[in-house]
Amino acid sequence: MNIQQENIKKLVERRASARLGGGEKRIEAQHAKGKKTARERLAMLLDEGSFEEFDMFVQHRCTNFGMEKQHIDGDGVVTGCGTIDGRLVYVFAQDFTVSGGSLSKTMSEKICKVMDMAMRNGAPCIGLNDSGGARIQEGIDALAGYAEIFERNILASGVIPQISGIFGPCAGGAVYSPALTDFTLMVKNTSYMFLTGPAVVKSVTGEDVSQEELGGAGVHASKSGVAHFAAESEEDGIAKIKELLSFLPQNNREEAPLKPTSDPYNRVDAALNEIIPDNPNKPYDMYAVVRSIVDDGHFFEVHKEYAKNIIVGFARMNGRSVGVVANQPAMLAGVLDINASRKASRFVRFCDAFNIPLVTLVDVPGFLPGTHQEYGAIITNGAKLLYAYGEATVPKVTVTLRKSYGGAHIVMSCKQLRGDINYAWPSANIAVMGADGAVNVLYAKDMKAAATPDEAKAIFEDKKKEYDDLFSNPYQAAQKGYIDDVIEPANTRFRVIRALEQLSAKRQDLPAKKHDNLPL
Ligand code: HXC
């Protein structure tokens, strides 16, 4: 063997050793926990043969606690770029087999390098987290590393899509990187996120709580809203990340890719003409409307288990990505509350940042009343959604199906919040409030002064009819141009697609400013 052959042999051996991370035993331990390794995850995520790895030979520089004797090429994170469905992405996957995937300064430098490249080259950045947090032996160096990642998360926000997959522990301050990204996905049963673990919780508050109850995928997908998606398995998680990306552009200067469909753009669905019940207090399922109007009935939902009174997610209309926001009358009558407002406002802002048009389906009886909501700042939280719609410059098409009352009417992408095209079904009621509430406010004194209960009832019925005739239909709003047209429900898909086509070259600017001061 000549020197060059020796050199190449060494390279091949060193690569093979780096690929083993913490070694066979730790890989077995990882598998025994029902988890895959960082490399196995990337192999599932990226198109076959597309992975270009960086910094495979990077090692930590720590000399505390005997660390100078423990060097593993790559140091606990696998980084690089590759393609998903042929589109460039930058990736990092923490390797739990090396010091529990804990973050060293060099590891943060590897992560920052791919984040910088993603920004420069205008491609999404996907992080797969599986880490014991800051590398304890490194002290402040590890904390500095986190801060450098966070800074990049912030600068990249609204420029490139950032997606976090949580595939194992993600604890302490480490949770803030996923929280700064656009979407967080957790894998059920094997991942958890919390600022302080069960032992610290017990010592500070006395509360007995398991890891799963404190910060498992179920909790964050349904209670806190920290996770946008809860995956059944790692495979499911990777599939969801890939599908999510298919709806997104590469960066804020591009449009999402078109996906041609054989679903006719002018498909009529007669079932929609029958979907609104005669009784205004009876619910119906908004999912049926969403699926009816989007391409192939396919809806990729975000935050499915959280604040179910509002539905948000991605779909395509005539091949074009859209963000759908819809009140859900089948859950709490579709009322807007704190969680629904937070959920929808974040989604609206994401779509606006990444040039994804918004289709809003309205059936909202108002904001949820009560001390719980007021003490929790429904005023500020509701204002977030109002703000998000009001500042959004992407095409906005709104369809009012039934109720659209009061402040909630304004919030849900009304014309004066620069809704571009606002349609209403003939069943729409656009008013300050519902008829019963209105009559009770306006005629309380008259009803109280009535000689008999029957007389009071007659006053109520009479005024209710007057109110219904005036407001319980879309025509007062249509007469004043507050909506652009009253449409037959069956034609909704066609009308929304035609409106989106019309708006496809829309350009609208915001006044120059350093940044906004949205009500946080
Ligand atoms: C160094 C760590 C480590 C860490 C784990 N390891 N976490 N090494 N720094 N933070 C090492 C372990 O020593 C062990 O090494 C290997 O990784 C695997 O860990 P195990 O404990 O054997 O695994 P498991 O039983 O699955 O438990 C995983 C774990 C536990 C729950 C994550 O390791 C743990 O509690 N780690 C500490 C978590 C923590 O408190 N981190 C700091 C959070 S504060 P060997 O060699 O034995 O295999 C923080 C601040 C960030 O992160 C601030 C940002 C602003």
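Just follow the structure's listing: the first ligand is 1, and inside any ligand the first atom is 1.
- Among protein heavy atoms, the minimum distance from atom 1 (C) of ligand 1 is reached at Q137 OE1, 3.2 Å.
- Here the shortest heavy-atom distance to atom 46 (O) of ligand 1, taken over K33, Q70, R26, belongs to R26.
- Scanning the protein heavy atoms around atom 54 (C) of ligand 1, the nearest turns out to be Y146 CD1, 3.4 Å.
- If you check the side chains of Y306 and R342, you find a donor sitting under 3.5 Å from an acceptor.
- With respect to atom 3 (C) of ligand 1, the closest heavy atom belonging to the protein is S102 CB, 3.8 Å.
- Not close to ligand 1: F65, with no non-hydrogen atom less than 4.0 angstrom away.
- For atom 7 (N) of ligand 1, the nearest protein heavy atom lies closer than 4.0 Å.
- For atom 11 (C) of ligand 1, the protein comes within 4.0 Å by at least one heavy atom.
- Exactly one of D75, D141, N64 qualifies for a side chain to side chain donor-acceptor pair (under 3.5 Å) with R135. That residue is D75.
- Shown here, atom 52 (O) of ligand 1 is in close reach of the protein: a heavy atom of it lies under 4.0 Å off.
- Residue-ligand proximity, G133 to ligand 1, at heavy-atom distances under 4.0 Å covers atoms 52 (O).
- Among protein heavy atoms, atom 31 (C) of ligand 1 sits closest to Y192 OH, 3.3 Å.
- Listed by number with element, the atoms of ligand 1 under 4.0 angstrom from any heavy atom of R135 are 9 (N).
- Less than 4.0 angstrom separates some heavy atom of G173 from each of these atoms of ligand 1: 50 (C), 51 (C), 53 (C), 54 (C), 55 (C).
- In this structure a side-chain-to-backbone donor-acceptor pair under 3.5 Å is present from Q162 to N153.
- For atom 48 (O) of ligand 1, the nearest protein heavy atom lies closer than 4.0 Å.
- Note that R26 lies outside the cation-pi zone of F96, set by a 6.0 Å cut-off to the ring centre and a 45° limit from the axis.
- In summary, the side chains of S157 and R349 do not present any donor paired with an acceptor at a separation below 3.5 Å, with no hydrogens or angles considered.
- By the criterion of a heavy-atom distance under 4.0 Å, the side chain of L143, and not its backbone, is placed next to ligand 1.
- Atom 25 (O) of ligand 1 lies below 4.0 Å from none of the non-hydrogen atoms of the protein.
- A donor-acceptor contact closer than 3.5 angstrom is absent between the side chains of T79 and D55.
- Here the shortest heavy-atom distance to atom 2 (C) of ligand 1, taken over G197, S99, G132, G100, belongs to S99.
- Remark: the backbone N or O of Q508 is not paired with any side-chain donor or acceptor of R418 at under 3.5 angstrom.
- Between the side chain of K343 and the backbone N or O of I310 there is at least one donor-acceptor pair closer than 3.5 Å.
- A salt bridge does not link D295 to K259: none of the charged side-chain nitrogens sits closer than 4.0 Å to a carboxylate oxygen.
- The parts of A134 lying near ligand 1 are both backbone and side chain, judged by heavy-atom distances below 4.0 Å.
- Remark: side-chain polar atoms of Q328 are paired, donor with acceptor, to backbone N or O of M286 under 3.5 angstrom.
- Looking only at protein heavy atoms, the nearest one to atom 9 (N) of ligand 1 is I136 N, 3.0 Å.
- If you look at F150 next to ligand 1, the close heavy atoms, those under 4.0 Å, all belong to the side chain.
- Within the 4.0 angstrom cut-off, atom 15 (O) of ligand 1 has no protein heavy-atom neighbours.
- Scanning the protein heavy atoms around atom 19 (O) of ligand 1, the nearest turns out to be F96 CZ, 4.1 Å.
- Within the 3.5 Å criterion, the main-chain N or O of V394 finds a donor-acceptor partner in the side chain of D352.
- Nearest residue to atom 44 (S) of ligand 1 from G172, G168, G23, A144 is G172 (criterion: closest heavy atom).
- Ring orientation note: the planes of F229 and F183 are tilted relative to one another, at an angle of 30° to 60°.
- Between R320 and E255, none of the side-chain N atoms (NZ, or NE/NH1/NH2) sits under 4.0 Å from a carboxylate O, so this pair counts as no salt bridge.
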